[in-house]
Amino acid sequence: MTVIVYDSKRELMIADSRATSGGHHPIGAKMKIHEITAGKCNGALLGVTTHIPGMGEAFKEWVTEGMSKEAFDPSFSELQALLAKRDNSVYLFAGSRSPSGPLVGDFFAIGSGAEYALGAYKACGDPFRAVEAAIECDPFCGPPIVSMQLRTPDANQPPTIRRAIRLLRNFGGGTAT
């Protein structure tokens with residue numbers, strides 16, 4: 001069905017893109033990882049795997065809208081999801097509206113290719129190669145490989161800019177963001 005990994009050291013979520021029809025045969029490609037753009041999880045990364053078409057998108061909406069108990073769809077029990085928040089805390093959804101976490105670890109994997117990815121990561125320490133190994137070994141995983149970087153408050157800025165921002169914050173010299 002899929003492989004989705006999260007490397008907490010690199011703050012990076014990576015996934016395959018093969019879409020299957022009910023978990024049986026390939027029907028194309030789709031995006032399985034998303035950035036949450038609203039609500040209490042704003043800025044988080046969400047990776048969802050399920051064999052039910054449309055379920056991943058519905059789950060993403062539920063997370064975006066605040067994960068209320070009343071709005072939980074019982075069919076969400078047919079999925080697995082990783083949620084990486086902006087503070088780099090990681091949560092696992094597996095058949096329940098209540099996530100497990102925050103989890104402690106360097107590397108997390110879900111989906112039918114998870115075991116291959118975990119083994120490859122242990123062998124080489126490279127999350128992209130781990131996803132490549134899962135694609136090679138699991139017939140329900142396939143290219144292209146996609147990735148998203150967690151957007152932490154100072155992410156993706158050169159070290160000198162990060163240092164200047166920290167200095168301004170620490171000494172009250174403005175409202176640097």
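Computed over heavy atoms, backbone and side chain alike; hydrogens, waters and symmetry mates excluded.
Once rounded to the nearest 0.5 Å, the distance linking CD of Q149 with CZ of R10 reads 10.0 Å. Atom-to-atom distance recorded for H34:NE2 and L46:CG is 6.0 Å, nearest 0.5 angstrom. Here the NZ-OG distance, from K32 to S17, works out to 6.5 Å after rounding to the nearest 0.5 Å. Going from atom CG of D73 over to atom CE of M55 covers 5.5 Å, rounded to the nearest 0.5 Å. The CG atom of N42 lies 7.0 Å from the CZ atom of R86; values are rounded to the nearest 0.5 Å. Atoms CG and CG, on L92 and L83 in that order, are 10.5 Å from each other to the nearest 0.5 Å.
Annotation for I33 and A15: closest pair CG2-CB, 3.8 Å, computed over non-hydrogen atoms. Residues G113 and D138 share a closest heavy-atom pair of N-OD2, 3.0 Å. Here the closest non-hydrogen pair linking V5 and A109 is CG1-CB, 3.9 Å. When every heavy atom of V3 is checked against every heavy atom of D16, the shortest pair comes out as N-OD1, 3.0 Å. Annotation for P139 and C137: closest pair CD-O, 3.7 Å, computed over non-hydrogen atoms. Of all heavy-atom pairs spanning F108 and V104, the tightest one is CZ-C, 4.0 Å.
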Run the numbers on Y6 and N88 for side-chain contact (heavy atoms from CB on, under 4.5 Å), then give the verdict. CA-CA 10 Å; Y6 181 69; N88 209 18; 2.4 Å; yes

side-chain contact (heavy atoms from CB on, under 4.5 Å) between V48 and K60: does it pass, once the steps are laid out? CA-CA 8 Å; V48 184; K60 175 190 170 205; 5.6 Å; no

Evaluate side-chain contact (heavy atoms from CB on, under 4.5 Å) for T2 paired with R18, printing each intermediate quantity in order. CA-CA 7 Å; T2 200; R18 175 164 286 165; over 6 Å; no

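In this structure the side chain of V90 reaches within 4.5 angstrom of the side chain of L82, judged on heavy atoms. The side-chain heavy atoms of M67 and F93, taken from C-beta on, include a pair separated by under 4.5 Å. D7 places none of its side-chain heavy atoms less than 4.5 Å from the side chain of I14. The side-chain heavy atoms of M13 and L150, taken from C-beta on, include no pair separated by under 4.5 Å. Side chains of L45 and E35 form a contact here, defined as non-hydrogen atoms less than 4.5 Å apart.
Ring geometry for F59 versus W62: interplanar angle of 30 to 60°, hence tilted.
For S8 (side chain) and D106 (main-chain N/O), a donor-acceptor pair under 3.5 Å exists by modelled atom type. A distance-only check finds no donor-acceptor pair linking the side chain of T64 to the backbone of T37 [under 3.5 Å]. No donor-acceptor pair under 3.5 Å is formed between the side chain of E78 and the backbone N or O of H51.
F128 and I135 fall within the same hydrophobic cluster, defined by Ile, Leu, Val, Met, Phe, Trp and Tyr side-chain heavy atoms under 4.5 Å apart, directly or through other members. Residues V146 and V131 are members of separate hydrophobic clusters, defined by side-chain heavy-atom contacts under 4.5 angstrom among Ile, Leu, Val, Met, Phe, Trp and Tyr. By the rule that hydrophobic residues join a cluster once side-chain heavy atoms approach within less than 4.5 Å of another member, L118 and L12 end up as members of one cluster. Residues I4 and M31 share a hydrophobic cluster, clusters being chains of Ile/Leu/Val/Met/Phe/Trp/Tyr side chains in contact below 4.5 Å.
Under a 4.0 Å N-O distance rule, the pair D126/R129 does not qualify as a salt bridge.
Through direct or relayed side-chain contacts under 4.5 Å between Ile, Leu, Val, Met, Phe, Trp and Tyr, Y116 connects to no other residue.
For E136, the CD atom counts as loosely surrounded, since its 6.0 Å shell holds 12 or fewer non-hydrogen atoms of other residues, nucleotides or ligands.
Remark: Y121 pairs with F107 by the ring pair (Phe, Tyr, Trp, His ring centres under 6.0 Å) rule, at least two apart or across chains.
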